[in-house]
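Reading through the structure tokens given below for one structure.
To find a chain, count down the sequence lines: A is the first, B the second, and so on, and within it residues start at 1.
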There are 2 protein chains.
Amino acid sequence: MLKAGIKQVAKLSGVSPATVSRTLSNPEIVSAATREKVLKAIDECGYTPNRFGASLRTQKSGSIVVIIPDITNAFNAGIIRSIEDEAAKVGYSVLLGDTQRDPVKVRHYASMVRSGQVDGIILFSQHLPFDITPETTIDQLPPLVNSCEPLDLDGVCQVMVNNVAAAKEAVNHLISLGHKRIGAITGNMDTPSSNDRLTGYKQALAQAGIEFDANLVTNGNYLIESGKTATEQLLALSERPTALFCFSDNIAFGAMSALHDAGLKVPDDISVVGFDDTEYAAFMTPALTTMHQPLKEIGKNCMALLLAQIEKRPISQRCIELPIKLQVRRSTAQLQQ
Amino acid sequence: MLKAGIKQVAKLSGVSPATVSRTLSNPEIVSAATREKVLKAIDECGYTPNRFGASLRTQKSGSIVVIIPDITNAFNAGIIRSIEDEAAKVGYSVLLGDTQRDPVKVRHYASMVRSGQVDGIILFSQHLPFDITPETTIDQLPPLVNSCEPLDLDGVCQVMVNNVAAAKEAVNHLISLGHKRIGAITGNMDTPSSNDRLTGYKQALAQAGIEFDANLVTNGNYLIESGKTATEQLLALSERPTALFCFSDNIAFGAMSALHDAGLKVPDDISVVGFDDTEYAAFMTPALTTMHQPLKEIGKNCMALLLAQIEKRPISQRCIELPIKLQVRRSTAQLQQ
DNA sequence: CAATTTGTTGATAACGTTTTCATTGAGATT
DNA sequence: AATCTCAATGAAAACGTTATCAACAAATTG
């Protein structure tokens, strides 16, 4: 029951280590007879190839790291699950790079590609975790795909969602229901996603000829709590909004809580729309109207794009934009006069 | 800018590779002068030690895998975040073993310890993912800690919560409010946690002299949806329950949704208690009374116990039971006559 | 029948570390 | 002065694979 190496297997089956290796990685180039012998020996001594030996030789780790601000967030968790799923299908392992927004941790995880511990990075952040000079070209970077929070660097593989358009669609929905005083509760304003959604909000307003009122936008941080406190602030306004555009479902969840506490009925007294369409959305009371994000597709595309880079395959489209669509439920209604 | 190895550093600083290695892992045994030289050279050529070279030599990967049924679940996500945090502190990486309850994936991830890819396993499952014979002794197993869903094997390190006692406390709370017809919505009944909670439920009932009514327990699966459908079933009973004990917050969330649809007010018409105290609990309407699980502590203890095994330190207490306490909020109230 | 191709296999050399062991020289002890 | 100790270093041998290259037999071709 001692840990068996490739040499033991070789000896046991009467072939060379090379042949054992071939039997495992290129079965078709070894004769049926020897293959059988080797397989039997492997089974007999319970041999499992040592990853480090192989990796050291091939310079491939078979792992990737996903650098993500907070695994606890349902949106992030959904994507990472999809990534894990796709990675597993192609024999890759996923290292969890939960950073809690700590730049030190981000860099730590990013450095793993230098030490060879991972073959590539999926990055959910707008900050490139490397030091680069202006002369640095894209192909000097390690395999990397950037998702959801675009970083400002041409040529990097990205899988995104059009946050401006999505926000616009969300707000247009409210406008079409007769709302004019539409509050907005943002996520962290240091993220591109939140900025883009704010831009979309403004564009929708402008297009409908509604004047932008800075008092109606309150900054949150994508967390439930912030949705609640922001809503309380908005309700304290002398002229309160008749609808709320929340930049995440979590925020909407907090908002609903605050609205209930204030004795307001959704959607009769006030409409609310969320963003993400997490699994909670459909079960809120009332069921939340929200922008549906294609988590599964995001993960899938991230992994595909990363794999192409790792395997140095040509990539036709380095920038993938996934559709995001409005999921209308019961939390929005025609404005009551 | 080519990737530098230890040999380049050695040449650049005029020492041997051995000294470079020592400078990095045992700085104190190399003279200050050479240390400085080496450090300067390292900095100059941007050297990062190759993980595989080191791991091959030391037979240590510096990684662990956490095998968990579903990262999307807020409870699981909370624990894994804590594990990642603790692991990072001691220089370990966390491989994400999200299995979606697929035994094949469980075994795949478990096998990583055999291939050397990870040094240990944190397992959230009641099934041991190895083939063992009756003669197998504990110290033949790889470093392993089992959490939340106890596996039936003496001597394995475990960090647990007393689900029987916790459930009992939850139900006693309802009983103390005058409830007698208390519905239960279970999680997956193939898990020990759910069975234990059901046991606790029955014990509390028995202790209060309330007869157990099988009609009042409905099987869910820890997901929101199941909470909703289970509640609908319970409400269809000729004599419906006056309180609901939900085996997870997600279930409670689904239950609240169903109750609202049925026009019932919580807690006036029916009380609800959950289990987990996820971040959503406090913001439900009404705020959910629930059993608080110490996610952070669970993760912390898991990692500590695993590390002790990896480093072959003596372990005084192999079985850790963490306290779980009732968090009373607004979803439970005195039974109205 | 000789020449060439094809299909299998083995020997061997890396891959990049760490660690053991031996060596050196300087300072301390007799 | 001769020996001993000790700290600092280097040489070299692993760790367990895989890939290259050469070798050999068998099969095909001219």
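- Between the CD atom of B:Q59 and the P atom of C:dT19 there is a distance of 11 Å, rounded to whole Å.
- Under a 4.0 Å N-O distance rule, the pair A:E86/A:K89 qualifies as a salt bridge.
- Between the CZ atom of A:R57 and the P atom of C:dG16 there is a distance of 10 Å, rounded to whole Å.
- First and last contacts of DNA chain D with chain B, using any nucleotide atom under 4.0 Å from a protein heavy atom and ordered 5' to 3', fall at D:dA8 to D:dG16.
- Within the structure, every pair that satisfies the side-chain hydrogen bond (donor to acceptor under 3.5 Å, both in side chains) test and touches residues 302-312 of chain A, not counting sequence neighbours, is listed here: A:E311-A:R313.
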Collect all protein-nucleotide pairs involving nucleotides 8-10 of chain C in which both atoms are nitrogen or oxygen and the distance is under 3.5 Å.
{"residue": "C:dT9", "atom": "OP1", "partner": "A:S31", "partner atom": "OG", "Å": "3.1"}
{"residue": "C:dT9", "atom": "OP1", "partner": "A:T34", "partner atom": "OG1", "Å": "3.0"}
{"residue": "C:dT9", "atom": "OP2", "partner": "A:S31", "partner atom": "N", "Å": "3.0"}
{"residue": "C:dT9", "atom": "OP2", "partner": "A:T34", "partner atom": "OG1", "Å": "3.0"}
{"residue": "C:dG10", "atom": "OP2", "partner": "A:S16", "partner atom": "N", "Å": "2.9"}
{"residue": "C:dG10", "atom": "OP2", "partner": "A:S16", "partner atom": "OG", "Å": "3.0"}
{"residue": "C:dG10", "atom": "OP2", "partner": "A:T19", "partner atom": "OG1", "Å": "2.6"}
{"residue": "C:dG10", "atom": "N7", "partner": "A:R22", "partner atom": "NH2", "Å": "2.8"}
{"residue": "C:dG10", "atom": "O6", "partner": "A:R22", "partner atom": "NH1", "Å": "3.4"}

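- A salt bridge between B:R107 and B:D102 is absent, with no side-chain N of the basic residue lying under 4.0 Å from a carboxylate O of the acidic one.
- Separating the NZ atom of B:K7 from the P atom of C:dT18 is a distance of 13 Å, rounded to the nearest angstrom.
- Residue B:D154 places its CG atom among 12 or fewer non-hydrogen atoms of other residues, nucleotides or ligands, all under 6.0 Å distant.
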Stepwise salt bridge (charged side-chain N to carboxylate O under 4.0 Å, His left out) test for A:D190 and A:R101: CA-CA 11 Å; A:D190 55 349; A:R101 295 198 162 72; 5.6 Å; no
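- At most 12 heavy atoms of other shown residues, nucleotides or ligands fall within 6.0 angstrom of atom CG in A:D152.
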Walk me through it: do B:E149 and B:S125 pass the test side-chain hydrogen bond (donor to acceptor under 3.5 Å, both in side chains)? CA-CA 5 Å; B:E149 299 293 358; B:S125 158; over 6 Å; no
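- When only modelled atom types and interatomic distance are considered, A:S147 and A:Q158 share no side-chain donor-acceptor pair under 3.5 Å.
- In this structure, the CG atom of B:L56 is 9 Å from the C1' atom of C:dC15, given to the nearest Å.
- Comparing A:L24 and B:T58 by the nucleotide of DNA chain D whose heavy atom lies nearest to each, the residue mapping closer to the 5' end is B:T58.
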